[in-house]
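Count residues from 1 along the sequence.
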Amino acid sequence: MSVSEAVRIRRVGTPTPETVRERHVLGPVCFTWQSGAIRHLSVDGVEVLRGIGAVIRDANWGTHALHTEADEAHSSDGAIAFTYCARVATDGDGSGESPLALELQAHIDATELDVRLTLTAREHFVTCRSGLSVLLPLAGVVESAVAVEHSDGLVEKGHFPRHISPSQPFFDIRGLSFAPTPERTVDLHFEGDVFEMEDQRNWSDASFKIYNRPLALPSPYRIEAGETVTQSVRLRWRDTTGAAQ
């Protein structure tokens, strides 16, 4: 192990160096793009999204390293479209045959963000969780009112927890609406699986995480060879009158 790898392990727990972050600004919207993930999305200086990206776990909840095959961005008419393609490999350098390939597409403009993830299993793939993960910040979110739409169409009204919640604050999430400031409402819509939320403060992380596949279901599970899994998340921000910002 090199000196630099040892230092990274002491600092962040892994020898893998962090990938480059690219900062983008679209009018009132500011965010960073990092290897298939949107991070720290703010509108008029207020963070409304801590992050969204694909997380691929193994059979023991370890996180698979993704080997990037394409990472492209195209700007037009006040919007940016990203395409990120990667694969999971069975060896360290990524040269071996991959059991799972992924493509993440993201489109963002001054009013909304759309993210679509496609997973393709080239052989049986055993995992505890594979899909999109959404992180919400704490500032402006803790204790705020929230409306949660469930998969049956019913809407549950409540509040984000003030104190650390040892169990999931919300289950069976198809939609989520909350106001991080009195002037702005954020709407989230999920497709492709059953999503639920956990309080990341349990692990000293300043966020709420929304993830696919409920923890109450058996794990690990298997994505069959040849199977394609598609998930999507749409995030929209609007003022309190309902007009797009």
For the student: nearest non-hydrogen atoms of [X] and [Y], plus distance:
X	Y	result
Ala59	Val126	CB-CG1, 3.8 Å
Trp237	Ala110	NE1-O, 2.8 Å
Trp33	Ala106	CZ3-CB, 4.3 Å
Ala147	Val155	CB-CG1, 4.0 Å
Arg50	Ala206	NH1-O, 3.0 Å
Val142	Pro161	CG1-O, 3.5 Å

To the nearest 0.5 Å, what is the distance between [atom1] ([X]) and [atom2] ([Y])?
X	Y	atom1	atom2	result
Gln200	Ile210	CD	CD1	11.0 Å
Arg21	Ser35	CZ	OG	10.0 Å
Leu102	His64	CG	NE2	11.5 Å
Met197	Ser167	CE	OG	12.0 Å
Ser232	Leu104	OG	CG	11.0 Å

If hydrophobic clusters are built from ILVMFWY residues whose side chains come within less than 4.5 Å, do [X] and [Y] share one?
X	Y	answer
Val46	Leu176	no
Val141	Leu138	yes
Tyr221	Val55	no
Ile38	Leu26	yes

[X] side chain near [Y] side chain, heavy-atom distance below 4.5 Å:
X	Y	value
Leu113	Arg234	no
Thr111	Asp109	yes
Phe31	His40	no
Arg162	Glu143	yes
Val233	Leu188	yes
Cys30	Arg23	yes
Glu123	Pro99	yes
Leu41	Ile108	yes

- Of Asp172, Leu217, Ile173, the residue whose pairing with Val194 passes side chain to side chain contact (heavy atoms under 4.5 Å, CB included):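 It is Asp172, the one option of Asp172, Leu217, Ile173 that forms the side chain to side chain contact (heavy atoms under 4.5 Å, CB included) with Val194.
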- Item | Phe178: which of Val48, Val148, Leu136 passes side chain to side chain contact (heavy atoms under 4.5 Å, CB included) |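 Answer to the side chain to side chain contact (heavy atoms under 4.5 Å, CB included) test with Phe178 among Val48, Val148, Leu136: Leu136.
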- Enclosure of Arg116 CZ (heavy-atom neighbours >12, cutoff 6.0 Å):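 No.
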If only atom types and distance count, is the side chain of [X] paired as donor or acceptor with the main-chain N or O of [Y] below 3.5 Å?
X	Y	answer
Thr32	Arg39	yes
Thr127	Arg57	yes
Ser98	Leu100	yes
Asn212	Ser130	yes
Asn60	Gly62	no
Gln231	Leu132	yes
Ser207	Lys209	no
Thr181	Arg184	yes
Glu196	Leu215	yes

- Task: For the pair Phe190 and Phe195, name the ring-plane relationship: parallel under 30°, tilted 30 to 60°, perpendicular over 60°.
- Result: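 Ring orientation, 0 to 90° scale: tilted.
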- Message: Test side-chain contact (heavy atoms from CB on, under 4.5 Å) on Ile80 and His74; report intermediate values, then the result.
- Response: CA-CA 6 Å; Ile80 304 177; His74 300 280; over 6 Å; no
- Residue pair Val229, Thr118: steps toward the side-chain contact (heavy atoms from CB on, under 4.5 Å) verdict: CA-CA 6 Å; Val229 176; Thr118 302; over 6 Å; no
- Message: Using a strict threshold of under 4.0 Å (side-chain N to carboxylate O), is an ion pair present between Arg174 and Asp152?
- Response: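 Looking at Arg174 together with Asp152, the answer is no, because their closest N to O distance does not fall below 4.0 Å.
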- In plain terms, say whether Asp187 and Arg238 are close enough for a salt bridge, that is, a side-chain N and a carboxylate O under 4.0 Å apart.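 Looking at Arg238 together with Asp187, the answer is yes, because their closest N to O distance falls below 4.0 Å.
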- With Asp114, which residues qualify under side-chain hydrogen bond (donor to acceptor under 3.5 Å, both in side chains), at least two apart?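 Scan of Asp114 (side-chain hydrogen bond (donor to acceptor under 3.5 Å, both in side chains), adjacent residues dropped) gives none.
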- Query: What do you reckon, are the aromatic ring centroids of Phe160 and Phe208 less than 6.0 Å apart?
  - Reply: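 Judged by ring-centre distance (under 6.0 Å), Phe160 and Phe208 do meet the cut-off.
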- Mind checking whether Phe170 and His150 have ring centres under 6.0 Å apart?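 Not close enough - the centres of the two rings lie 6.0 Å or further apart.
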- Just jot down the salt bridge (charged side-chain N to carboxylate O under 4.0 Å, His left out) partners of Asp199, sequence neighbours excluded, or say none.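 Once residues adjacent in sequence are excluded, the partners of Asp199 under the salt bridge (charged side-chain N to carboxylate O under 4.0 Å, His left out) criterion are Arg201.
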- Apply the test side-chain contact (heavy atoms from CB on, under 4.5 Å) to residues Ser219 and Trp61: give CA-CA distance (whole Å), side-chain angles for both, the deciding distance (0.1 Å), then the verdict. CA-CA 9 Å; Ser219 65; Trp61 288 102; 4.1 Å; yes
- Test log, rule side-chain contact (heavy atoms from CB on, under 4.5 Å), inputs Leu135 and Ile52: CA-CA 6 Å; Leu135 300 180; Ile52 179 171; over 6 Å; no
- Establish, for the pair Arg129 and Tyr211, whether the NZ or CZ atom is under 6.0 angstrom from the six-membered ring centre and no further than 45 degrees off its axis.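 Geometry flag: set, cation within 6.0 Å and 45°.
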- Task: For Gln105 and His107, test the side chains for any donor-to-acceptor distance below 3.5 angstrom and give the result as yes or no.
- Result: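 No, no side-chain donor-acceptor contact under 3.5 Å.
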